[in-house]
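Predicted model only: the values in this text are computed from it and were never measured. Residue numbers start at 1 and run along the sequence shown.
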Amino acid sequence: MRIRHLSLRPFRNFAALQIPFTADHSLVTAGNGSGKTNLLEAISYLSLGKSVRRARDAEAVPHGGEYFDISGDCEDDHAGRQLRLFCSRSEGKTAFCDGAPLPRLVDLVGRFRTVHFSPQDVGVVLRSPAERRRLLDVLLSQSSPAYLQSLLAYQHALAQRNRLLRDRRGAGVPAGGWPEIDPWTEQLGRHGAALRCARNQLVTRIDQDLAALYRHLSGGRETLAIAYHQGAAALPGDPVAALVAHISSRLAQDVHLGWTSTGPHRDDVQFTLDGQPADTYASAGQLKSALVAWKLAEMRYLETPPGNQPVLLLDDALAELDERRAAALLELIAGFAQVILTSPLPLALAAHAHFAPVALPH
C-alpha cells in the first residue's frame, strides 16, 4: 500500500501544495514551523477521516478560510484509487473514492491504511489509560469494519445511557425500576463484549512482536510487554450477559456519579518494562522507544493480506535517539513498503538508508 501523490487545496498552513512520492522511502526536510507535521496529518486524514492530533476539524481549515481539501493517489497490490476528503465549516466532511462520494465517512476507513508516530504522543499516550485504549481502537478499526461498527454503536449507547444518568444524578434509582435505561445497558453488553474479545485477541497476538521490536531498539537491555485489563474479572458463561449484569450491578453508583463507571470504556492497556508499569517507571527515552516499537508492531499487524503493508508515517522519530538506536530503527523499517520520515534537518543516517529527499516550500 502506497501513496504516490498528495494534493492540499488548502490545508492548515498550505494554501496549495502538490507533493509526489516517487520513492518508497522519503525524507521530508524543512525548518521548524514549515508544516512537516501538517503534511503527515493530511495523509492520515485520508486513512482515518479525522485528525491523528486529536484536533477539531475546524483547526485544520486555514485561518479565515471556509474549508480544507485533501486528495491522494493511492495504490495497493491490486489497483490504484484516488481518495479525497473535503471538509467545510458549514457542512462538515465528505469522503470520496475515485470521484464518487462515499455514503458515510466511516466508509473511508480501511481503504488506505497508515501508521502514524508523533513525538508529541509519547508522554500523552503511554501515560493515559484513555489514550492507550485509543491505540487499540484505531488499530482495530483500520483492520476490521465489524470492530469499527461495534465501537460506534457502543459509543452511541454509552452517550445515551450517560445522558439518562446525568438527568437523574442525585435522585437515586427509581423504586419501581428504570425501563428506559435497560435497552442502553443491553447494547453496552452486546457491543462491549465484542470490543473486549477483539482487544484481547489483538493484545495476545501483538505481544511477542512488540517485545522483539523493542528488544532490537534497546539493544536487548529491557523487556517490553503489554496486557489488557478489564474492569472486572472475566465471568463464566455468556460474555454479553456477564457484562450486562456487571454494568447493571453498578446502577446505584452510576446514578450517584452521573455516568457509567464500568465497561470497555474504562478498561486499561498496560505497558510494562521488565515487569514494572512503563507509565510510572520508564524514562522519556524508554517511553519513546516503547511507542515506536508499538507503531512498528502495528505495521506488521495491519499487513493483511501478507505483503500489503500500510504506509508508515514517522514525524521526527529520530530526534533525541542516540546513533545506535537511530540506526536500529532505520534497520527495522528498511523492509517496509513505504515510509515517510520528517526531520527539520537532512539526516546523514537517513541518507545512508536510501531515503529520497522531499523538500517543502519555505
Side-chain angles (χ1 to χ4, degrees), residues 113-119 121-144 147 195-230 234 267-304 306-307 309-315 317-337 339 341 353:
R113 298 191 300 275
T114 61
V115 170
H116 178 272
F117 170 85
S118 168
D121 287 344
V122 173
V124 174
V125 169
L126 294 185
R127 296 192 189 279
S128 164
E131 292 298 329
R132 293 195 293 267
R133 287 192 298 271
R134 188 174 182 272
L135 284 179
L136 303 191
D137 288 340
V138 170
L139 177 54
L140 286 165
S141 293
Q142 288 202 78
S143 64
S144 169
Y147 184 88
L195 297 184
R196 279 182 169 170
C197 178
R199 289 173 178 178
N200 275 303
Q201 289 176 351
L202 165 63
V203 167
T204 299
R205 179 176 161 186
I206 210 170
D207 182 52
Q208 288 188 351
D209 247 353
L210 179 67
L213 289 162
Y214 185 87
R215 190 161 52 246
H216 188 93
L217 289 172
S218 68
R221 289 196 290 267
E222 301 127 1
T223 300
L224 179 67
I226 184 174
Y228 185 67
H229 298 289
Q230 297 179 181
D267 293 348
D268 197 6
V269 186
Q270 187 72 64
F271 288 83
T272 58
L273 275 174
D274 294 334
Q276 298 298 318
D279 58 340
T280 303
Y281 294 101
S283 68
Q286 288 172 321
L287 286 175
K288 182 170 186 178
S289 296
L291 187 57
V292 168
W294 170 264
K295 294 299 180 178
L296 299 183
E298 283 189 18
M299 289 288 291
R300 294 182 175 177
Y301 182 86
L302 287 172
E303 190 177 354
T304 305
Q309 290 181 334
V311 176
L312 179 59
L313 307 172
L314 297 174
D315 191 9
L318 299 181
E320 301 175 1
L321 292 182
D322 59 40
E323 187 170 336
R324 184 192 57 76
R325 285 185 184 245
L329 174 56
L330 289 170
E331 180 184 349
L332 285 170
I333 66 180
F336 289 156
V339 182
L341 172 70

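Taking 4.5 Å as the limit, every side-chain heavy atom of Arg133 sits out of range of all side-chain heavy atoms of Ser128. Side-chain contact between Leu312 and Leu296: present, with at least one pair of heavy atoms (C-beta onward) separated by less than 4.5 Å. Contact of the Val292 side chain with the Phe117 side chain is registered, since non-hydrogen atoms from C-beta on lie closer than 4.5 Å. Side-chain contact between Leu140 and Leu195 is absent, with no heavy-atom pair separated by less than 4.5 Å.
Nearest heavy atom pair, residue Tyr147 against residue Ala198, reads CD1-CB, 3.5 Å. For the residue pair Thr280 and Arg127, the shortest heavy atom distance occurs at N-NH1, 4.4 Å. Of all the heavy atoms in Pro310 and Glu303, the pair that sits closest is CD-N, 4.4 Å. The heavy-atom pair separating Ala290 from Leu210 by the smallest distance is O-CD1, 4.4 Å. Counting all heavy atoms, side chain and backbone alike, Ser289 lies closest to Tyr214 at CB-CE1, 3.5 Å. Looking at every heavy atom in both residues, Leu213 comes nearest to Ala293 through CD1-O, 3.7 Å.
A salt bridge links Glu298 with Lys295: the distance from a Lys NZ or Arg NE/NH1/NH2 to an Asp or Glu carboxylate oxygen falls below 4.0 Å. A salt bridge links Arg132 and Asp268; the closest N-O separation between the charged side-chain nitrogens and carboxylate oxygens is under 4.0 Å.
Here the side chain of Arg199 pairs no donor or acceptor atom with the backbone of Tyr228 at under 3.5 angstrom. The backbone N or O of Gly220 sits nowhere less than 3.5 Å from a side-chain atom of Arg215 that would complete a donor-acceptor pair. Side chain of Gln309 to backbone of Met299: no donor-acceptor contact under 3.5 angstrom is found. A distance-only check finds a donor-acceptor pair linking the side chain of Asp207 to the backbone of Ile226 [under 3.5 Å]. Proximity of a side-chain donor or acceptor of Arg113 to a complementary backbone N or O of Ser143 within less than 3.5 Å is not detected.
The CD1 atom of Ile333 lies 6.0 Å from the CG atom of Leu341; values are rounded to the nearest 0.5 Å. Distance check, rounded to the nearest 0.5 Å: CD of Gln286 to CZ of Arg221 gives 9.0 Å. Leu217 contributes atom CG, which lies 10.0 Å from atom CG of Leu224 (distance to the nearest 0.5 angstrom). Interatomic distance, CD of Gln142 versus CG of Leu302, reported as 5.5 Å (0.5 Å rounding). Taking OG1 of Thr272 as the start and OH of Tyr281 as the end, the distance is 12.5 Å to the nearest 0.5 Å.
Checking Tyr301 against Asp209 by side-chain atom types alone, no donor-acceptor pair falls below 3.5 Å.
A search for side-chain contact (heavy atoms from CB on, under 4.5 Å) contacts involving Val125 returns Arg54, Asp121, Glu131, Leu135, Leu291, not counting sequence neighbours.
Counting only residues at least two apart or in different chains, salt bridge (Lys or Arg N to Asp or Glu O under 4.0 Å) contacts with residues 281-292 are absent.
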Stepwise side-chain contact (heavy atoms from CB on, under 4.5 Å) check, Asp279 with Leu126: CA-CA 6 Å; Asp279 58 340; Leu126 294 185; 5.6 Å; no

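When the shell of 6.0 Å around CD of Gln208 is examined, it contains 12 or fewer heavy atoms from other residues, nucleotides or ligands.
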